[in-house]
Amino acid sequence: MKTNRKTIKMPVRYLMNAVLVALLFVGLSFLTQNVLSTYQNKVLLTVGINIILAVSLNVATGYLGQLPLGHAGFMAVGAYTCALFTKYSNLPKGVAFVIGLVLAWIMAGLFGVLIGIPALRLTGDYLAILTLGFGEIIRITLNNIDDVLGFKLFYGAKGLKNIPKYSNYWNVFLCVVITCFLIHAMMKSRHGRAVLAIRDNEIAAESCGIQTTYYKVMAFAFSAAFAGLAGGLYACYLGVLDPSTFGFMKSIEILVMVVLGGMGSMLGSILSATVLTILPEATRSFDSYRMVVYSLVLVLMMIFRPGGLLGSYDFSLSRIVEKAMNGELFRKHTKKEAADHE
């Protein structure tokens with residue numbers, strides 16, 4: 001017998017999340033202005049960029065269930081697109097930066113489509129090797145394209161310098177919120193449900209009429225586009241770009257963040273990106289031993305929490321409030337009660 005549970009309407013859910021984001025923004029603003037040093041603020045900004053990278057890769061790995069290893073390549077596409085536009089554009093500072101980020105998002109998404117169409121015909125190790133190859137092709141192209149074109153544009157291994165440093169705490173925080181919101185909205189839509197169905201059983205999903213190729217490429221391109229956005233923020237934060245930054249190890253670093261947080265958990269990706277960005281900086285005083293500590297933490301996590309920090313769990317404020325409204329916050333449900341609530 002079904003019970004009448006108290007639920008929260010959708011507009012109220014969005015309002016609650018907006019209030020939570022506003023409180024988080026105020027709290028972090030206080031820390032950046034009154035507590036943290038300049039160096040610590042830069043680390044916090046790097047945390048925001050890595051959160052975008054981890055959450056975006058989680059779309060392809062956690063939600064779609066694939067294993068791409070070329071995420072740094074899409075970051076490089078976005079970084080160089082935004083850097084070149086902001087460097088040579090005569091538009092006002094704020095306008096040039098916004099347009100540069102949008103172009104970085106679009107260009108990386110287009111590369112995601114071009115690479116995703118042939119790559120996603122494969123699965124498992126074969127997909128990982130193919131995407132790794134594409135990522136390396138992008139890096140090598142950036143290193144040598146000036147010699148082919150016959151004029152200096154990307155500056156190869158010398159690095160693209162004098163990029164306007166437009167990235168700051170405020171716009172990085174805004175981009176993190178927009179990224180998380182759009183990915184969350186997409187995964188809660190019918191398109192996201194189709195992506196999850198493909199992850200669970202691709203053959204069954206296709207037999208039910210889901211266009212598996214379309215949705216796999218869509219999710220892959222969506223993931224690549226936000227990697228490009230992170231790349232644009234990174235370029236305008238660092239002020240100089242070197243193709244070697246976007247090598248194989250960068251892709252592995254991003255993948256470790258996703259795996260450590262939990263495949264399919266957005267909150268897990270956020271937490272792991274935060275921890276794995278701060279941990280190397282916090283252990284910098286150990287000098288040569290800091291990478292040993294960093295590696296040891298990863299090994300221990302994989303031994304005691306092989307599913308990641310949060311597994312597939314995703315935080316929902318409205319779900320917690322609904323449980324409190326119905327007196328279920330500290331009470332475990334039986335299988336029958338859980339079925340009745342559904």
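Keep in mind the model is a prediction, meaning the values are calculated, not measured.
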Would Ile138 and Ile115 count as a side chain to side chain contact (heavy atoms under 4.5 Å, CB included) here? Give the steps.
CA-CA 11 Å; Ile138 292 173; Ile115 295 174; 4.2 Å; yes
As a quick check of understanding, evaluate side chain to side chain contact (heavy atoms under 4.5 Å, CB included) for Ile145 and Leu153, giving each step before the final call.
CA-CA 9 Å; Ile145 193 171; Leu153 182 63; over 6 Å; no
Verdict with supporting geometry, Phe173 and Phe25, ring pair (Phe, Tyr, Trp, His ring centres under 6.0 Å):
CA-CA 8 Å; Phe173 182 87; Phe25 178 77; 5.2 Å; yes
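A donor-acceptor contact shorter than 3.5 Å is absent between the side chain of Thr86 and the backbone of Phe97. With hydrogens and angles disregarded, a donor-acceptor distance shorter than 3.5 Å links the side chain of Asn171 to the backbone of Tyr166. Distance alone, capped at 3.5 Å, is enough to place a donor-acceptor pair between the Asp146 side chain and the Tyr155 backbone. Of the possible polar contacts, one joining the Thr131 side chain to the Leu69 backbone as a donor-acceptor pair under 3.5 Å is found.
Applying the salt bridge (charged side-chain N to carboxylate O under 4.0 Å, His left out) test to pairs two or more places apart or on separate chains, none has a residue in residues 171-197. Sorted by first and then second residue, the ring pair (Phe, Tyr, Trp, His ring centres under 6.0 Å) pairs with a member in residues 223-250 read Trp105-Phe226, Phe222-Phe226; sequence neighbours excluded. The salt bridge (charged side-chain N to carboxylate O under 4.0 Å, His left out) analysis of residues 61-79, with sequence neighbours excluded, yields no pairs. Each ring pair (Phe, Tyr, Trp, His ring centres under 6.0 Å) pair with one or both residues in residues 117-154, not counting sequence neighbours, appears once here: Tyr80-Phe154. Applying the salt bridge (charged side-chain N to carboxylate O under 4.0 Å, His left out) test to every pair with at least one member in residues 111-121, sequence neighbours left out, gives no pairs at all. Counting only residues at least two apart or in different chains, salt bridge (charged side-chain N to carboxylate O under 4.0 Å, His left out) contacts with residues 237-259 comprise Lys250-Glu253.
Taking Lys165 as the reference, nothing meets the side-chain contact (heavy atoms from CB on, under 4.5 Å) condition, with sequence neighbours excluded. Tyr88 is linked by a side-chain hydrogen bond (donor to acceptor under 3.5 Å, both in side chains) to nothing, counting only residues two or more places apart in sequence or in another chain. In this view, Ser272 and Met257, Leu260, Leu309 satisfy the side-chain contact (heavy atoms from CB on, under 4.5 Å) rule, not counting sequence neighbours. Applying the side-chain contact (heavy atoms from CB on, under 4.5 Å) rule to Gln40 yields the partners Leu36, Ser37; only residues at least two apart in sequence or on another chain are considered.
Under the 4.5 Å side-chain contact rule for hydrophobic residues, Met75 and Ile178 share a cluster. Following chains of ILVMFWY side-chain contacts shorter than 4.5 Å, one cannot reach Leu45 starting from Leu28, and the two form parts of different hydrophobic clusters. In the hydrophobic clustering of this structure, Ile270 groups with Ile278; members are Ile, Leu, Val, Met, Phe, Trp, Tyr whose side-chain heavy atoms approach within less than 4.5 Å, directly or through other members.
Across all non-hydrogen atoms, the minimal contact from Ala54 to Val258 is O-CG2, 3.3 Å. Pairing each heavy atom of Tyr63 with each of Gly264, the nearest pair is CE2-O, 3.2 Å. The minimum heavy-atom distance linking Ile52 with Ala230 is given by the pair CG2-CB, 3.8 Å. Between Asn50 and Thr277, the closest heavy-atom pair is ND2-OG1, 2.8 Å. When all heavy atoms of Ala104 and Gly228 are compared, the pair lying nearest together is CB-O, 3.6 Å. Here the closest non-hydrogen pair linking Leu114 and Pro118 is O-CD, 3.0 Å.
For the pair Leu229/Ser56, no side-chain contact is recorded, criterion being any heavy-atom separation below 4.5 Å from C-beta on. When side chains are defined from C-beta on, Ile303 counts as touching Val299, because their heavy atoms get closer than 4.5 Å. Side chains of Pro68 and Thr61 form a contact here, defined as non-hydrogen atoms less than 4.5 Å apart. Met218 places a side-chain heavy atom less than 4.5 Å from the side chain of Met186. Counting only heavy atoms from C-beta outward, the side chains of Phe220 and Ile117 never approach each other to under 4.5 Å. Using a 4.5 Å cut-off on side-chain heavy atoms (C-beta onward), Glu202 and Lys216 make contact. In this structure, the side chains of Leu238 and Ile163 stay at 4.5 Å or more apart for every pair of heavy atoms. Between Leu64 and Val59, every side-chain heavy-atom pair lies at or beyond the 4.5 Å cut-off.
With a 4.5 Å cut-off between side-chain heavy atoms of Ile, Leu, Val, Met, Phe, Trp and Tyr, the cluster of Val275 takes in none. Summarising the hydrophobic clusters (Ile, Leu, Val, Met, Phe, Trp, Tyr; side-chain heavy atoms under 4.5 Å, direct or chained), the residues clustered with Leu103 are Phe85, Leu91, Val95, Ile99.
Around the NE2 atom of His184, the shell of radius 6.0 Å holds no more than 12 heavy atoms that belong to other residues, nucleotides or ligands. Within a 6.0 Å radius of CG in Leu23, more than 12 heavy atoms belonging to other residues, nucleotides or ligands are found.
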